[in-house]
Every structure is written in C-alpha cells, then in structure tokens.
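This report concerns only the one structure given below.
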Amino acid sequence: MSTNDALAGVLHEMSRMIELLGEDQFRANAHARASRAVSSLSEDVRSLVKEKERLLAVDGIGKKMADKIEEYVATGRIGEHEELRSRVPAGLLDVMSIPGLGPKTVRAMWTTLGIEDIPGLRKAIDDGSLVTLPRMGEKAVAKIKESLALASQGDERVALGLAAPLAWVIVERLRAHKHVARAEAAGSLRRGKETVGDLDFVVALKKGSEKHASEIGELVSSMAGVSNVIAGGPTRTSMRIALAPGSKRTIQVDVRVVPLACFGAALLYFTGSKDHSIALRTHAQKRGLTLNEWGLFEEKAWRKYHATREAHDDDLSDVPDSLAGAEENDVYRALELVPIPPEVREAQREFDVKKTPRLVEVGDIRCELHAHTNASDGVLSLEQLIREAARRGFHTIAVTDHSQSSTIANGLKPDRLRRHIEAIREANETLGKKLKIRVLAGSEVDILADGRLDYDDELLAMLDIVVASPHAALSQDGTLATKRLVRAASHPLVHILGHPTGRLINRRKGLDPDMGEVIAAAKEHGTALEINAHWMRLDLRDTHVRAAVDAGCDITIDCDVHALEDFDNLAFGVATGRRGWLTPERCVNTWDAAAVAKWLKTKRP
DNA sequence: GCCGTTTTCGGCCCGACTGTTTTCAGTCG
C-alpha cells in the first residue's frame, strides 16, 4: 500500500472513532474529508511534507491536519490516532461498517449493551437484547441480520471493467422504456474511477409521463439476477444485482427518477464526487441559492415549495421553476463556474480553471502501441492483429511481443525475435500498405529486477519501438523499485515505460516506487509513460497520470492487446487519462502518423 | 478541524427513505 493510501486509512479510522465516541461531528467530517483529499493526491505525501505550503494548499487540509500528516510521515504513526484507538474497541469499527449501522446506533449498542464486535452483535440479536434499544424494532433487527450475512461475502469495490458491462445493459433497458426520455449511469462509474462501490442511474421521464415514475424502479428490480430490493420509493429504488449471469457476486444498484427539467441537476448530484457536490452546494448557498437534485433555486422559493411537498410527494410534475437544472452545464454556468468534466470532479483544483479543459477522448485515439500476437502469449495471428487495428481506423499498430525472460508468456529469444522482426517488416510492406496502416516491429521487453533490460542494446536498436515493463520481482522494496524504473526510463532506446507498477486491481499490490522520481526521469529522457488500459491494470493509475501531466511527460494509452476484445478496454484507459487531466497534445496515441514516427526516431541512433 | 466576495468566529450540503414513531432520528449517497 502506498503511503498516501495508508495515511488516508488512518485518517478515515480517526473520523469513524470520533463519531463513535459521540464527539464533534464536524471534527469527524474534517478527518474524513482530509482522508479523501490524501487518497486523491497526485503526489506522495512524503515529498509534499517537505514543502508545507503546498500541503496546506490542499483543500481540506489545514494547519492541525498538516501537523498530523507530518507526524505520520516522520514516525509512521499519529499519536492522536493511537489515543483514539485506546478508547474505542477495535471490533466496533467492523460493526459500524455494516450497511445500515451508523455511529449513533453502534454507540448505543456499545454503551448500553456492551457490544464491542460482530460476535457480540450476533449474541445480542440471538438473546433478544438488541431489540430493547431505543428505536430498535423487529424489522430493524431483521435488516441487521441480513446485512451481517451479506457482509461476510466480502464487500470490496468492483473493478470498473467488471461493473461497466452490467451498467450498459441497465442503461439500455431504461432507455428502451416508453416513458423514459433520458437515462445515464452516474456515480463513480461515470467519473471513470478504477473501482466502483455501486451503480447509480438517473432517469428522466418524458413530459406528461411523470405519473409513471414508479414503473421505472420496477423495470430494473424485475431484471434477472436481482437478489433483494433494499428500498423502493417513488423516485428512488435500491437493490442488489448479480454482476454477471449466474455470478454469486452482487453489486448495489440505485435508480433515481426525476422530471426531464431536473435531469442535469440530478445527474450532476448523483455523479459526485461527494466533495465536488458539497463544494457546488456551498457555492450556491453563498449566493442565496440552493442546489439539490431537482435543480438550482432561489433559496426562499425552494423552501416554500419543499415545506408543502409532503402532501403530494408521489407527484413529480410540480417542481418549481429552477434557475438551471435541465443540463449539468447550465448549473455550472448559473453558478458562474466553468463546466467540469465528470472524471475530474474531485474537489481538487478543478474549480481553479478558467475554461473547461479539453481532455483526451476515445475518438482522439489513432494508434495502438502495445500489442501481442501468438508469437508470444497473444491469441491473434500477426495478420488478424493488423486487420483489426486497421478496421478500427488506426494509422499505426505496434507489435510488441514478450522478451526472453517472460518464459510463461512464451517470450522470444533473440533469434526468434530477429525472425519475428523480419516477418513484421514483410507484413508492413504487404498487408500494411494495402490496409494503409503502419506496422511497427517492437518488443515489450522485461525490465529485470535491477533495471537492466532483457535484450542487449544492439537488438533493441533494431526495433522500431520498445515498451519496457516490469513483470517479475513485483514485491521488491520501494527504493529498489524506484532505481529499477528510473534506470529503464532513462534508457536511450526505450520509448515507453509499460504498466510501471505491475499492480493488478484487487489482486496484486505491485511495485511502490517513488513515482515523482520515475516521472522526472521519464521527462528528462523523453520516455513516455503508459496507461495500460486493461481494467485489471489501469497502471499508471489516475493520480500518477496527473503528476506526470503536471510534470510535462508524454503519455501513451495502450490496450496491451492479447485478443480482439482487448481493444475495447480503450475506454477505461481513456477514462483514467481524463482523471489525470490528460489532454490530446500530451497523449502520443492522438498524434498523426508522421508525428508518431518522428517521435519514435528521437530514440534511435 | 476547516474555512472566508457577509466572517479570523461561527458557521459547516441536502434530500430520500426507513422504521420507529404520533413528529422524527438515523443512515445513506
């Protein structure tokens, strides 16, 4: 785990413990906010504490928080954290992590029944003592029991690439309904986060169809794979659905229904992030306005409406006129803000921009620079690969099979690579010319544990393109990893540093180098850093991309193609790039053929 | 504990839904 993630975890825990102790809620919120700010930092806190002003410039980090962060970096602990821990039973945090159980309820369990952990909670359910708590009835206990059963099957966030296909199916189903005017997936999926906790959908009904709101929730909750419906109101339905047909793994799905005039405001709010939404609402509040999922309103007008709303709460047709609400961008403009793309809505500097950034888009991508054939561990023949790349309109396809050390991946020994180069050059002359696509002879060469490359320089120099990636020794020490990657990024024949950390989302932590140093080396030597678009990798990750973009590095977005469908992972790589504020100019794959060729030459003798 | 185009003190986003209540507290996103 990176230092940033570890620190964020400590701050989050502090926030939860402050809540459990029933102390100042705003202090708890401040710690939670600081935790989120730290986890979305593009820089390692270890370097940030050296320049305190820049640490203090981070939204949500003030003087006291900066001191705690400094203490953590210096000693690996925060005294106040340990003091809190001594006052709160460790198992109580597990209890509070059960959906439906918040700080007030868990505190009551603790102080009146002596419950200190999940076994204690189970016991209190069984012996009937739990139901004696205030505001605790049979239904509430049943819900807790259900949550307990669910919690044991694991609640880790779902990789973007596993959740997205289900989201697409649901959006299509919603859009096909006769009363639906618009439907979009929102939440962290829309923001392109590498993992998502749940799926959010915003649906607008056609004018005159407002009475049919309740049909929409039923439309989704009647889908195959729905295991239980958690809540179902006229405008909001929550349920759990199997991630794939037959899969035991489920994900929470929330569907919100709004009138068409409110669609933008609802989409804005349910896209988040939480901190971005809070910043917008605070901004509105200072202007005597109120922003909610129904639109942007004069505060007085909204209050008057809302006070009378209960009488007709299943009727969505009478929301008062808003200052903005139909489109997200209208809301930003009405607040005198620049519209912000979803992927960078993190309340981290996006409100400082003077105009909407033009971030890289899938349609900008014009070449693929990292692809395997059946010469190593791909399933496509050279011809199939070239045809598919051409079919997708690419001007260049790089054939980069594995190098000799990757024996499991059938890596090529030097002799075999020489013959492979000839075959690729031949294909470039024949099929490439015919399909108007340039075929590059390349290699994804292993970066050995000490930073040396897996072929000698003479052989590397014969290749049109070299992607250098780590594949083994992925649990080595951070300092060694930094040296290793810096050495590879500084190599005069390397064009691209491929999936630099080697992490696999939810499965393998990968290397933990000082990315600041790696980025600096890449910048100095004109080496591009790869965003590997496979949803299991997304490596560089979003925060690394942002640091690299800030440093002025070139970035590639590569599908690391092994099979036809891998080309479709591009959207995930692009989303990660966008989260890192990547513009087309800095993204090599958006350049025209001549510019890419010229760039490749700069790294050849 | 953070923060400032009202403020260095005194605020702190806002609504839906549930289950428990006869008017609301707690949780969630």
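It should be emphasised that the depicted structure is a prediction, and the values quoted were computed from it without experimental measurement.
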- Report yes or no: do H31(A) and K68(A) form a side-chain donor-acceptor pair below 3.5 Å? yes
- Query: With a cut-off of 6.0 Å (strictly less than), are more than 12 heavy atoms of other residues, nucleotides or ligands near CD of E82(A)?
  - Reply: yes
- Query: Is the phosphate of dG1(B), meaning OP1 or OP2, less than 4.0 Å from a side-chain N or O of K64(A)?
  - Reply: yes
- When the distance from CD of E138(A) to P of dT20(B) is rounded to whole Å, what number comes out? 8 Å
- Atom-to-atom span, CG of L199(A) to P of dG29(B) - whole angstrom: 13 Å
- Message: So P103(A), base contact, sugar-phosphate only, or nothing? Heavy-atom distance under 4.0 Å.
- Response: sugar-phosphate
- Which listed nucleotide (dG29(B), dT20(B), dG1(B)) is nearest to the side chain of A30(A)? dG1(B)
- Task: Kindly say whether the aromatic ring centers of H283(A) and F351(A) come within a distance under 6.0 Å.
- Result: no
- Query: Base, sugar-phosphate, or nothing for L280(A), non-hydrogen atoms under 4.0 angstrom?
  - Reply: nothing
- Heavy-atom check, side chain of M65(A) versus side chain of E70(A), under 4.5 Å: no
- Message: Is it true that R190(A) and T271(A) share a donor-acceptor pair across their side chains at a distance under 3.5 Å?
- Response: yes
- Query: Hey, does D59(A) reach any base, or is it just sugar-phosphate, or nothing, if we go heavy atoms under 4.0 Å?
  - Reply: sugar-phosphate
All N/O contacts under 3.5 Å from nucleotides 4-10 of chain B to the protein, with atom names and distances to one decimal?
none

- Message: Does dC13(B) have its OP1 or OP2 closer than 4.0 Å to a side-chain nitrogen or oxygen of R281(A)?
- Response: no
- Scan K274(A) against the nucleic acid and name what it touches under 4.0 Å (heavy atoms): base, sugar-phosphate only, or nothing. base
- Query: Within this structure, what is the CZ-to-P distance between R157(A) and dG29(B), rounded to whole angstrom?
  - Reply: 11 Å
- Task: Look at the side chain of R236(A) against the base of dC17(B) and say whether a donor-acceptor pair falls under 3.5 Å; ignore hydrogens and angles.
- Result: no
- Item | Side chain proximity check, L160(A) to E194(A), heavy atoms < 4.5 angstrom | no
Residues 251-268 of chain A side chain polar contacts: donor-acceptor under 3.5 Å, at least two apart:
residue : atom : partner : partner atom : Å
Q252(A) : NE2  : D254(A) : OD1          : 3.1
D254(A) : OD1  : S238(A) : OG           : 2.6
R256(A) : NH1  : D200(A) : OD1          : 2.9

- Quick one: is dG1(B) close enough that its OP1 or OP2 comes under 4.0 Å of any side-chain N or O from K68(A)? yes
- Under the 3.5 angstrom rule, does the side chain of E71(A) hit a backbone N or O of G79(A) as a donor-acceptor pair? yes
- Query: Which heavy-atom pair separates L359(A) from V344(A) by the least distance, and what is that distance?
  - Reply: CD1-CG1, 4.1 Å
- Between H31(A) and K139(A), whichever has its closest DNA chain B nucleotide further toward 5' is H31(A)
- Message: Tell me which nucleotide, if any, is Watson-Crick or G-U wobble paired with dG26(B) when both distances must be under 3.5 Å.
- Response: dC17(B)
- For DNA chain B, which residues in residues 32-51 of chain A have a heavy atom at a distance below 4.0 Å? none
- Item | Under-3.5 Å donor-acceptor pair between Y269(A) side chain and dG29(B) base | yes
- Between dT20(B) and dG26(B), how far is it from one C1' atom to the other, in whole Å? 10 Å
- Message: If stacking means aromatic ring centre less than 5.5 angstrom from the base's six-membered ring centre, planes under 30°, is F26(A) stacked on dC2(B)?
- Response: no
- Item | Phosphate OP1/OP2 of dC14(B) contacted by W302(A) side-chain N/O (<4.0 Å) | no
- Task: Using distance alone, with no hydrogens and no angle criterion, decide if D127(A) and S129(A) have a side-chain donor and acceptor under 3.5 Å apart.
- Result: yes
- With rounding to whole Å, what would you report as the distance between dT21(B) and dG10(B) at their P atoms? 39 Å
- Across the strands shown, which category fits S277(A) at heavy-atom distances under 4.0 angstrom: base, sugar-phosphate, nothing? nothing
- Query: So, the side chain of T290(A) versus the backbone of F297(A): is there a donor-acceptor pair under 3.5 Å, distance only?
  - Reply: no
- Message: By the 4.0 Å heavy-atom rule, please label E23(A) as base, sugar-phosphate, or nothing.
- Response: nothing
- Query: According to a strict under-4.0 Å criterion, is T282(A) in side-chain N/O contact with OP1 or OP2 of dC12(B)?
  - Reply: no
- Task: Could you measure between the two P atoms, the one in dG15(B) and the one in dG4(B), and give it in whole Å?
- Result: 24 Å
- Message: Between dC17(B) and dC12(B), how many Å separate the two P atoms, rounded to a whole number?
- Response: 25 Å
